[in-house]
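Here the structure is laid out as structure tokens; the discussion comes afterwards.
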Amino acid sequence: MSQNSLLITFEGGEGSGKTTQSQILYNALKEKGFEVIKTREPGGTKFAEIIREILVQGESNKINNISELLLFAAARADHVQKLIKECLKDNKIVICDRFTDSTLAYQGYAGNLDLDLVKEVNRISIGEISPDLTFVFDIDPTLGIERALGENNKETRFEEKDIMYHKKIRDGYMDIARDNPDRCVVIDGTNGIEQISKNILELTLDKINE
Ligand code: TMP
């Protein structure tokens with residue numbers, strides 16, 4: 001099947017359902033015969049997965065905000081160079097669970113780093129590529145954190161930050177969606193899995209056929 005490259009990103013606070021939905025979209029596109037890959041951030045390459053371990057595990061205040069920003073950027077630059085760019089060059093559809101908007105929401109809005117500084121670091125880490133379509137999952141942070149902490153994994157460094165941090169992430173994402181209406185679609189994370197996945201598939205197919 002001939003197809004154009006597409007970078008689709010899934011964004012949102014903790015426990016919003018984006019990881020489940022990115023997997024459902026990946027399966028649906030594959031089944032329809034598209035060449036598609038699914039990846040995540042922080043991570044996606046050997047080097048970036050090592051940085052991921054440092055960033056998402058351990059005590060929530062163990063890294064200062066600026067070091068955290070630069071570690072996410074270092075992981076992302078490797079991921080973009082080695083994987084995402086190559087796949088886009090081959091006209092593949094890339095589904096990425098979190099990307100630059102996570103850095104703006106978490107390190108910028110919630111971590112109180114200057115938003116223009118975060119945008120500039122994001123720009124440096126991705127070069128000329130940018131998402132074509134972004135699903136921003138919205139959920140009340142109290143409910144999201146409850147869902148996420150029930151998942152029983154070691155990657156709880158961000159989940160364990162206080163509720164104000166998570167409220168700022170939610171507000172940040174709403175600002176980001178408002179500022180980027182050309183690519184962002186807000187998804188109500190409290191809707192049923194099937195309803196959300198149907199909506200996301202339709203919007204993705206519309207984008208593919210544009
Ligand atoms: P995950 O929960 O989606 O697997 O993501 C890992 C954690 O990393 C999550 O708590 C959000 C956080 N994160 C940031 O703070 N900034 C970023 O730029 C990215 C990609 C993730």
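Keep in mind that the numbers below use all heavy atoms, side chains included, and drop hydrogens, waters and symmetry copies. For reference, positions follow the sequence shown, starting with 1. In listed order, ligands and their atoms are each counted from 1. Small disclaimer: the values here were computed from a predicted structure and weren't measured.
The shortest heavy-atom distance from K18 to ligand 1 is under 4.0 Å.
With I139 as reference, T190 is the one residue of I145, I187, T190 to meet the side chain to side chain contact (heavy atoms under 4.5 Å, CB included) rule. Tested against E120 for a side chain to side chain contact (heavy atoms under 4.5 Å, CB included), the candidates I124, L117, D116 yield a single pass: I124. With I84 as the fixed residue, the side chain to side chain contact (heavy atoms under 4.5 Å, CB included) test singles out one of K89, H79, K92: H79. Among V80, I8, T39, the single residue meeting the side chain to side chain contact (heavy atoms under 4.5 Å, CB included) criterion with C96 is T39.
Considering each of R98, E159, E155, Q107, the one bringing a non-hydrogen atom nearest atom 5 (O) of ligand 1 is R98.
With a heavy-atom cut-off of 4.0 Å, T103 touches ligand 1 through backbone and side chain alike. At a heavy-atom distance under 4.0 Å, atoms from both the backbone and the side chain of P42 approach ligand 1.
Per-residue contacts place E41 under 4.0 angstrom from the following atoms of ligand 1 (heavy atoms of the residue considered): 20 (C). Here is the list of ligand 1 atoms found below 4.0 Å of a heavy atom in R52: 4 (O). Under a 4.0 Å criterion applied to the non-hydrogen atoms of R76, ligand 1 contributes the atoms 18 (O), 20 (C). Residue V56 approaches ligand 1 through these ligand atoms, each under 4.0 Å from one of its heavy atoms: 6 (C), 7 (C), 8 (O).
E11 contributes a side-chain N or O that, together with a main-chain N or O of S102, makes up a donor-acceptor pair within less than 3.5 Å.
Taking the centre and axis of the six-membered ring of F34, the NZ or CZ atom of K32 falls outside the cone set by 45° and 6.0 Å.
Atom 14 (C) of ligand 1 has F72 CZ, 3.1 Å as its closest protein atom, hydrogens excluded (heavy atom only). For atom 2 (O) of ligand 1, the nearest protein heavy atom (residue, atom name, distance) is E14 OE1, 3.9 Å.
Ring-plane geometry between Y106 and Y173 is classed as perpendicular, the angle between the planes exceeding 60 degrees on a 0 to 90 degree scale with a lower cut at 30.
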